[in-house]
Amino acid sequence: MKLAPSILSADFSCLGAQVKEATSAGADYLHIDVMDGHFVPNISFGAPVMKSLDSLDTAPYDVHLMIENPDRYISDFVTEKTEFITVHQEACIHLHRTLQHIKSFGISAGVAVNPGTPVQMLESVIEDVDLVLVMSVNPGFGGQSLIPSTLRKIERLAEFKEKEGLSYQIEIDGGVKKENISQVLSAGAEIIVAGSAVFGAKDISQAVRDLKEASSR
Ligand code: DX5
Ligand code: ZN
């Protein structure tokens with residue numbers, strides 16, 4: 001299991017220290033939640049905030065673009081530390097071309113689906129993606145509760161991946177905690193986003209270790 005703490009829930013007044021702490025405790029990625037106030041009802045931050053972390057010794061970036069017309073901004077999020085750039089199926093008019101655009105930078109391309117979007121919507125691109133991000137909350141905010149029906153989508157994606165011998169990774173995003181992480185993993189999730197469970201905790205390092213430990217049970 002790989003853990004991607006979402007910086008949306010971090011204390012931005014000491015963001016550098018907090019992401020370094022999460023990294024040294026074992027975080028595999030930093031989940032960068034970019035929100036434009038149009039595609040989702042919240043505005044978070046843009047590329048300059050992510051790039052302020054470039055010189056720090058941190059885990060690579062798992063960029064989640066919750067924005068309209070993501071094509072315009074892909075290159076802004078390309079840095080040495082960018083591992084994934086994920087766009088929403090619901091935000092792309094030419095999804096296949098957008099995914100190709102991400103890959104043209106040598107970066108792994110992800111596609112995200114909201115709780116209301118069936119995974120069948122990914123049929124025509126599923127062989128071209130490196131990551132499928134299943135939203136287990138409605139996007140826009142950290143600290144929400146996981147929507148149980150979304151686990152069925154994780155199971156479907158895991159079954160399909162196995163049956164077709166595909167290599168996309170399955171990421172779940174929203175409401176994952178110590179209490180539900182084993183359920184989420186047995187559904188087939190491989191990368192776990194956790195915002196409030198990590199950066200909302202009193203002890204960030206302990207929270208990272210607890211999640212990693214809970215996943216090995
Ligand atoms: C929601 C974001 C999630 C969120 C996760 O729109 O995409 O990444 O920050 O936060 P928690 O883990 O607190 O639900
Ligand atoms: Zn996210």
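Counting starts at 1 for both ligands and their atoms, following the listed order.
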*asked:* Students should be able to answer this: which protein heavy-atom is nearest to atom 1 (C) of ligand 1, and at what distance?
replied: F141 O, 3.6 Å
*Give the intermediate values and the outcome of ring pair (Phe, Tyr, Trp, His ring centres under 6.0 Å) for residues Y61 and F84.*
CA-CA 7 Å; Y61 306 144; F84 295 102; over 10 Å; no
*Atoms of ligand 1 less than 4.0 Å from H31 heavy atoms?*
8 (O)
*What is the NE2(H31)-the Zn ion (ligand 2)-ND1(H64) angle, to the nearest 10 degrees?*
100°
*From the candidates G200, A197, G175, the one that places a heavy atom nearest atom 14 (O) of ligand 1*: G175
*asked:* Tell me the contacting part of A194 for ligand 1: side chain, backbone, both, or neither, using a 4.0 Å heavy-atom threshold, strictly below.
replied: backbone
*Looking only at heavy atoms of G174, does any of them come nearer than 4.0 Å to an atom of ligand 1?*
yes
*For the atoms OD1 of D33 and OD2 of D173, give the angle they form at the Zn ion (ligand 2), rounded to 10 degrees.*
180°
*Hey, looking at atom 11 (P) of ligand 1, which of S6, G195, A112, P139 has the closest heavy atom?*
G195
*Distance filter under 4.0 Å to G143 heavy atoms, resulting ligand 1 atoms*: 11 (P), 13 (O), 14 (O)
*Identify, for atom 8 (O) of ligand 1, the protein heavy atom at the shortest distance, and state residue, atom and that distance.*
D173 OD1, 2.5 Å
*asked:* Counting non-hydrogen protein atoms only, what is the nearest one to atom 10 (O) of ligand 1? Give residue, atom name and distance.
replied: G142 CA, 3.6 Å
*Element-labelled atoms of ligand 1 that are located less than 4.0 Å from some non-hydrogen atom of H64*: 7 (O)
*Which is closest to atom 6 (O) of ligand 1 in terms of heavy atoms, S145, A4, G140?*
G140
*Hey, is ligand 1 close enough to D33 that some N/O pair sits below 3.5 Å?*
yes
*Is a donor on one side and an acceptor on the other found under 3.5 Å between the side chain of K103 and the backbone of D128?*
yes
